[in-house]
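The next block holds one structure in the form of structure tokens; read it before the comments.
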Protein chains: 2
Amino acid sequence: MKRPTIADIARRAGVSKGAVSYALNGQPGVSDTTRRRILAIADEIGFSPSSAARALSGARARAVGLALCRPARTLGIEPFFMGLISGVEAELSARSYALTLQVVADPDAEIAVYRRWWGERRVDGVLLCDLRTDDRRVPVLEQLQLPAVVVGGPDGTGALPGVWSDEAAALAETVEYLVALGHRRVARVGGLPELQHTRVRTDAFRAVCARLGLDRGDTVTVPSDYTGEDGARATRRLLSAARRPTAVIYDNDVMAIAGLSVAQEMGLTVPGDLSVVAWDDSPLCRLVRPPLTALSRDIPAYGGQAARLLLDAVAGVRVAAVRTPTGHLTPRGSTAPPRTP
Amino acid sequence: MKRPTIADIARRAGVSKGAVSYALNGQPGVSDTTRRRILAIADEIGFSPSSAARALSGARARAVGLALCRPARTLGIEPFFMGLISGVEAELSARSYALTLQVVADPDAEIAVYRRWWGERRVDGVLLCDLRTDDRRVPVLEQLQLPAVVVGGPDGTGALPGVWSDEAAALAETVEYLVALGHRRVARVGGLPELQHTRVRTDAFRAVCARLGLDRGDTVTVPSDYTGEDGARATRRLLSAARRPTAVIYDNDVMAIAGLSVAQEMGLTVPGDLSVVAWDDSPLCRLVRPPLTALSRDIPAYGGQAARLLLDAVAGVRVAAVRTPTGHLTPRGSTAPPRTP
DNA sequence: CTGAAAGCGCTTACAG
DNA sequence: CTGAAAGCGCTTACAG
């Protein structure tokens with residue numbers, strides 16, 4: 001099939017190509033009757049403007065990029081990214097923007113992708129995920145002047161706007177809840193230490209534990225790579241210690257589920273012998289027994305907010321960081337007062 | 001920053017733009033020394049050809065499209081799609097192709113997306129997932145002559161090539177294994193009935209049960225929408241029946257995990273009172289207790305194969321359907337001989 | 001309000 | 001082996 005162009009429409013409408021372009025883009029310069037006639041013809045022949053031609057003549061590419069730099073095995077099972085993507089998508093398709101996705105192996109490859117996208121004019125802007133401490137991607141994007149929004153923040157984003165939530169507050173709420181239940185030995189299986197939000201959570205954890213008078217040796221954070229195996233390993237280590245924790249907070253849902261299994265395997269009952277908290281919440285947390293107490297956020301809404309901010313930045317609006325609602329604790333069956341042995 | 005163009009390179013190299021283009025694309029028409037000089041300059045100034053200009057001058061857009069039409073809540077938690085995407089990605093980025101992703105609400109929206117992509121020349125081809133019975137998307141893609149590869153088949157793909165595996169054989173292996181363990185009452189929680197592969201599996205299930213002499217009333221398939229809730233509901237119904245099954249095969253991992261929880265909740269032990277099999281396998285299956293016996297396939301490899309086939313089709317190669325390795329059963333702790341009450 | 005024209009940055013016949 | 005030129009399908013000043 002031959003693809004229709006504005007020349008086809010112009011011919012059928014008996015006007016110039018310029019007039020068609022104005023009519024299609026809602027610009028002034030055509031009479032209302034002409035505009036309606038042109039739109040009707042475009043609709044009839046199923047016209048969509050060539051994104052290449054459009055992009056080439058200085059307009060936008062109408063696509064934004066998302067490069068994901070986590071090992072594939074993590075990506076596949078963590079519901080977080082798919083939730084984020086579906087939220088981003090919903091916002092983008094409403095404005096008929098495309099999402100260009102690329103999975104990369106490491107930050108250097110990711111930087112190369114940004115440079116390439118920029119040179120190719122393939123995307124109008126990018127969403128930056130998994131912000132790191134001293135993130136080398138930030139200055140590159142600033143220098144390229146490629147519109148970008150960080151999914152995270154508010155610190156460490158340089159001049160880029162971030163969409164963030166108060167993770168320290170969410171963590172404090174969690175620890176306070178556990179302490180109110182009577183826990184004094186609370187451990188944490190954290191995410192990748194080089195990620196900014198891991199650091200925020202770890203610092204907040206230390207601070208709130210100190211504030212509540214918990215013993216520093218009883219409130220450790222074990223790093224992990226987010227995989228179930230690593231979560232299991234960390235849990236085994238924690239539960240084998242002489243003074244084992246009575247509650248563990250996991251930095252993702254998959255590790256929390258792995259930790260639950262390990263505890264049960266070691267003959268501990270949840271929540272009797274061990275309380276378990278997952279961050280973030282996901283349908284998986286409701287599937288296991290007992291269902292997991294979790295920190296819930298509306299992740300698609302979070303992605304939607306990021307997309308909206310990015311589209312504003314692309315449109316040339318000066319955007320500032322946006323704070324989204326703080327995650328809240330959803331208590332389920334995996335947390336209870338510790339059983340005193 | 002100003003983006004470099006071939007004109008910049010031509011000026012610095014003292015040649016015409018045409019020569020630069022030939023050199024960059026490995027075409028004959030430039031001497032080896034000139035080519036090397038041009039490539040060195042391109043590299044030095046960090047040149048990437050404008051994808052828009054390239055696409056406009058008749059070359060490829062160097063992007064393929066993937067429209068996903070499952071409700072967002074399912075997408076988020078099933079590891080299948082992320083596994084598929086990471087496999088597709090690996091193949092695409094090796095040839096510096098981009099992946100354009102779009103989440104759609106229903107098949108009509110998906111068809112509209114294909115028409116738009118085609119009109120926009122935004123993608124060179126598409127990957128069609130979740131093939132349906134009498135799939136209306138197939139004739140549309142054929143008519144548009146948009147290169148397309150079906151992730152599925154081999155039936156129902158029309159003239160489009162499919163990448164498929166022998167699901168009937170995999171299902172037969174599973175049922176034979178369960179029967180060999182001594183099971184006679186085997187139920188199945190199937191996927192969406194309108195999907196082609198659900199139908200293939202359901203037909204194969206009926207056939208192998210008949211062949212092995214199992215009672216038809218003892219070997220039912222209950223449809224589902226792939227969510228954990230639906231899997232739980234179906235399991236509850238199956239296990240409440242007078243003659244309850246001693247083994248259940250689930251059409252995805254999430255439902256299998258939900259089913260496991262329901263069984264345990266109802267006081268049944270797995271695998272003593274009930275054997276559980278998941279399809280496909282995923283890291284989640286190894287996280288729960290007992291770990292789930294599952295039908296394993298290399299899903300990233302499957303996606304990679306589909307991407308390769310599509311790129312061939314885009315390049316104008318006449319491609320035929322490709323059969324990938326049949327999934328194999330990975331026995332774990334969730335299956336055992338039935339305990340006779 | 002409308003038309004003719006230049007230009008975006010490539011690719012690719014077509015001459016030399 | 002190399003250069004000059006047309007053309008892809010739009011957008012957008014610039015004249016009428």
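Everything numeric here is computed off the predicted structure, so don't read it as measured data. Only heavy atoms go into these numbers, but all of them, side chains included; no hydrogens, no water, no symmetry mates. Residue numbers start from 1 in every chain, and the chains themselves are labelled A, B, ... in the order their sequence lines are given, proteins ahead of strands.
With hydrogens and angles disregarded, a donor-acceptor distance shorter than 3.5 Å links the side chain of A:R37 to the backbone of A:A13. A donor-acceptor contact shorter than 3.5 Å links the side chain of B:D8 to the backbone of B:T5.
The side chain of A:S50 sits closest to D:dC10 out of D:dC10, C:dG3, D:dG3. Closest to the side chain of A:S31, out of C:dC1, D:dG9, D:dT12, is C:dC1.
An OP1 or OP2 oxygen of D:dC1 is reached within less than 4.0 angstrom by no side-chain nitrogen or oxygen of B:T34. OP1 or OP2 of C:dG9 has not a single side-chain nitrogen or oxygen of B:R54 nearer than 4.0 Å. Neither OP1 nor OP2 of C:dG9 sits under 4.0 Å from any side-chain N or O of B:T5. Considering only side-chain N and O atoms, B:S57 lies nowhere under 4.0 angstrom from the phosphate OP1 or OP2 of D:dC8. Between A:S21 and D:dT11 there is a side-chain polar atom (N or O) within less than 4.0 angstrom of OP1 or OP2.
In this structure, A:I9 places its CD1 atom 17 Å from C1' of C:dG3, rounding to the nearest Å. Atom CG of A:D8 is separated from atom P of D:dC8 by 12 Å (rounded to the nearest Å). Note: CZ (A:R60) to P (D:dG9) measures 23 Å, nearest angstrom. Computed from coordinates, the A:I6 CD1 to D:dC8 C1' distance equals 12 Å when rounded to whole Å. D:dC10 atom P lies 11 Å from atom CZ of A:R3, rounded to whole Å. Taking atom CG of residue B:L56 and atom C1' of nucleotide D:dG7, one finds them 9 Å apart after rounding to whole Å. Atom pair A:F47:CZ and D:dT11:P shows a separation of 7 Å (rounding to whole Å applied). Straight-line distance from the CZ atom of A:R122 to the P atom of C:dC10: 13 Å, rounded to whole Å.
Here C:dA13 sits opposite no nucleotide as a Watson-Crick or G-U wobble pair (both hydrogen-bonding atom distances under 3.5 Å). As the counterpart of D:dA4, no nucleotide is assigned, since no Watson-Crick or G-U wobble pattern has both distances under 3.5 Å.
Nearer the 5' end of DNA chain D, as judged by each residue's closest nucleotide, is the contact made by B:Y22, out of B:Y22 and B:A53. Residues B:D32 and A:L24 each lie close to DNA chain D; by heavy-atom proximity, the contact nearer the 5' end of the strand is made by B:D32.
Here the CG-CZ distance, from A:L39 to A:F47, works out to 11.0 Å after rounding to the nearest 0.5 Å. Taking CG from A:L92 and CD from B:Q102, the interatomic distance works out to 8.5 Å, rounded to the nearest 0.5 Å.
Minimum heavy-atom separation, A:P161 to A:V319: CG-CG2, 3.5 Å.
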